[in-house]
Amino acid sequence: MLELKNLNVKINEKSIINNLNLKINDGEIHVLMGPNGAGKSTISQAIFNNPLYQISGQIIFNDERIDNLEPNEIANKGLFLLNQNPIEIEGITNAELLRTILSDREEKTIDIFKFNKKMESICKNLDIDRKFIHREINLGMSGGEKKKNELLHLWMLEPKFIILDEIDSGLDVDALKTVTSSINEYYKQYKPSILIITHQVKLLDYIKPDYVHVLQNGSIVANGDKSLAKKIEKEGFYQFKSANIVSEDNASE
Amino acid sequence: MQVNNIIIDNDLTSLNSNEYNIIYQNKTTIINIMGKVYINDFSNNLNQQNLTINLKENSSLIYNKYSNQNLEDYQLTINSSDNTEFKLNFSVIAKKPLNININNLIKGNNNASTIRLRIIGEQDVNAIVSAQVLKNTKNNTILEDLKGLNVYAKKIAIHPELLIASEDVVANHLMTISNIDNNELFSLMSKGLSKTQAINLLQKGFIYAIQPDIIKNK
Ligand SMILES: Nc1ncnc2c1ncn2[C@@H]1O[C@H](COP(=O)(O)OP(=O)(O)OP(=O)(O)O)[C@@H](O)[C@H]1O
Ligand SMILES: [Mg+2]
């Protein structure tokens, strides 16, 4: 279970997230929506304690505070972040990265044969060439390929809590099907918790969420289920503007 | 045209064939390139290297060099005649204070040269990379792509110099000295690598990015 308690996040003294509370139980799928610049990606970075962001409040994972851990310690607790814009890293291959992490985690050299077999079958399921195994991390890949490449990491690392920041952006129709069915398959096998950040309600036709939250100006202004997403699709985020003002008034009283 | 793979390693003292001719005396080497040649050089126990490469007409050379140990002084002169192609991929982790002096001398026409340099300085490094194109030469291109990665708070200085006396030249240089990229570091750490491991991998990536597998796997 992941819990954000009174989370505040600043970047260069500018307040981005204000007193945010969110609880995601084991095996639940939550969706976070909200207009551009609302602070959705900032939350995902804050959960991973990106040093660029100043964080206060509490982030609790399985009854343990993780807000003062290093990003790698957080990852090794079983959290995984699929970035909105996956970073390209020259000179380091997927295989090298994953081998290093896994052998470190298991405190022994990994079985290369099994490792390669698993990588190959994941590539097949993701409909990417097995050459991706030895490609440099996201380097020169198309937008959609990068998302798939990150999913390759996800499958190899087997996380328990997954943040998907706009996994659907830049995917063509076929890729969207491949990617979502890969996520659904992972969910079926491992029952992780998932936090999905998206703008497209269409994604929720493929992945069924338990809860939908709306973030605006760094605060959650509405909670609901898939029907809330449908409502946003029809009416936009504007409807929540007044709700936001009301909650701010309440806070100042 | 026949392709020759020459590997200069620590034990090599001299090597001859019909296509190329290497003289490697003590610490000075002259290589005459005829035909299409690759050199993979991971000679690591030399502290001084002084190399002259003569590219004969219509020849090409890809020279990959990697060093991570004792090198303190590296002098390379390239003499290009006509219709040649030269590529240098030079990666070095300086464990000792290091001087690099590369002099690319273009004497004729239709020559293309690319010099790529990747330096990590565990000690101070001073590199001069100069290209000289003589008067009345035609259709030569030069690319210098020179990068230093600053991890150990040592001084890395890279000086590209272009001395061009001809009007018919395309010369570009690109020079950066940077620190470890914070976004890359965070990205690797958020997958589970410790800071030390991530920095190690980033250094390796930086240094090997320009090298072929034969050198990477060494
Ligand atoms: N590194 C940064 N430096 C300065 N400002 C930043 C930085 N990162 C985010 N911000 C600002 O924080 C606010 C929230 O950004 P964030 O990326 O979290 O939005 P988002 O909800 O993910 O938007 P989008 O839907 O466009 O991805 C924006 O105003 C953005 O400009
Ligand atoms: Mg975002």
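Letters A, B, ... are given to chains in the order of the sequence lines, protein chains preceding strands, and every chain is numbered from 1. All figures in this text were calculated on a predicted structure; none of them were measured in a lab.
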*Asks:* Does CG belonging to A/D63 count more than 12 external heavy atoms closer than 6.0 Å?
*Replies:*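 No, because the 6.0 Å sphere around CG of A/D63 holds 12 heavy atoms or fewer from other groups.
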*Asks:* By a 4.5 Å heavy-atom criterion (distance strictly below it), what part of A/E90 contacts chain B: side chain, backbone, both, or neither?
*Replies:*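 Both parts, heavy atoms under 4.5 Å.
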*Asks:* Is the NZ atom of A/K124 crowded by more than 12 outside heavy atoms at less than 6.0 Å?
*Replies:*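 No, not enclosed.
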*Asks:* Counting only heavy atoms closer than 4.5 Å, note whether A/I137 contacts chain B via side chain, backbone, both or neither.
*Replies:*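 Contact with chain B: side chain only.
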*Asks:* Let me know which of A/T100, A/L97, A/I101, A/N72 forms a side-chain contact (heavy atoms from CB on, under 4.5 Å) with B/Q197.
*Replies:*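 Answer after filtering A/T100, A/L97, A/I101, A/N72: A/T100.
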*Asks:* Using non-hydrogen atoms and a 4.5 Å limit, figure out which bit of A/L157 sits close to chain B: side chain, backbone, both or neither.
*Replies:*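 Contact with chain B is through the side chain of A/L157 alone.
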*Asks:* Taking every heavy-atom pair that is under 4.5 Å apart, which of A/E70, A/E88, A/H153 has the most such pairs with chain B?
*Replies:*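 If we count pairs closer than 4.5 Å to chain B, A/H153 comes out on top.
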*Asks:* Which atoms of B/I210 come close to chain A, meaning under 4.5 Å heavy atom to heavy atom: side chain ones, backbone ones, both, or neither?
*Replies:*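 Neither the backbone nor the side chain of B/I210 comes within 4.5 Å of chain A.
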*Asks:* So for A/E73, is it side chain, backbone, both, or neither that comes closer than 4.5 Å to the heavy atoms of chain B?
*Replies:*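 Contact with chain B involves no heavy atom of A/E73 at all.
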*Asks:* Given the options A/P51, A/A75, A/P71, which has more heavy-atom pairs under 4.5 Å with chain B than any of the others?
*Replies:*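 So the answer, after comparing A/P51, A/A75, A/P71, is A/P71.
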*Asks:* Among residues 183-194 of chain B, which residues come closer than 4.5 Å to chain A, judged by heavy atom distances?
*Replies:*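 The residues closer than 4.5 Å to chain A, in numerical order, are B/N183, B/E184, B/F186, B/S187, B/L188, B/M189, B/S190, B/K191, B/G192, B/L193, B/S194.
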*Asks:* Can you measure from CD (A/E96) to OH (B/Y208) and round to the nearest 0.5 angstrom?
*Replies:*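 Reported value, rounded in 0.5 Å steps: 9.5 Å.
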*Asks:* Counting only heavy atoms closer than 4.5 Å, note whether A/D104 contacts chain B via side chain, backbone, both or neither.
*Replies:*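 It is the side chain, since no backbone atom gets that close.
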*Asks:* Other residues, nucleotides and ligands only: do more than 12 of their heavy atoms fall within 6.0 Å of NZ on A/K191?
*Replies:*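 Yes, enclosed.
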*Asks:* Does atom CZ of A/R130 have more than 12 heavy-atom neighbours from other groups under 6.0 Å away?
*Replies:*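 12 or below, so no.
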*Asks:* Output the distance between atom CG (B/D181) and atom CD1 (A/I89), rounded to the nearest 0.5 Å.
*Replies:*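 So the gap between those two atoms works out to 8.5 Å.
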*Asks:* So for A/F48, is it side chain, backbone, both, or neither that comes closer than 4.5 Å to the heavy atoms of chain B?
*Replies:*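 Both backbone and side chain.
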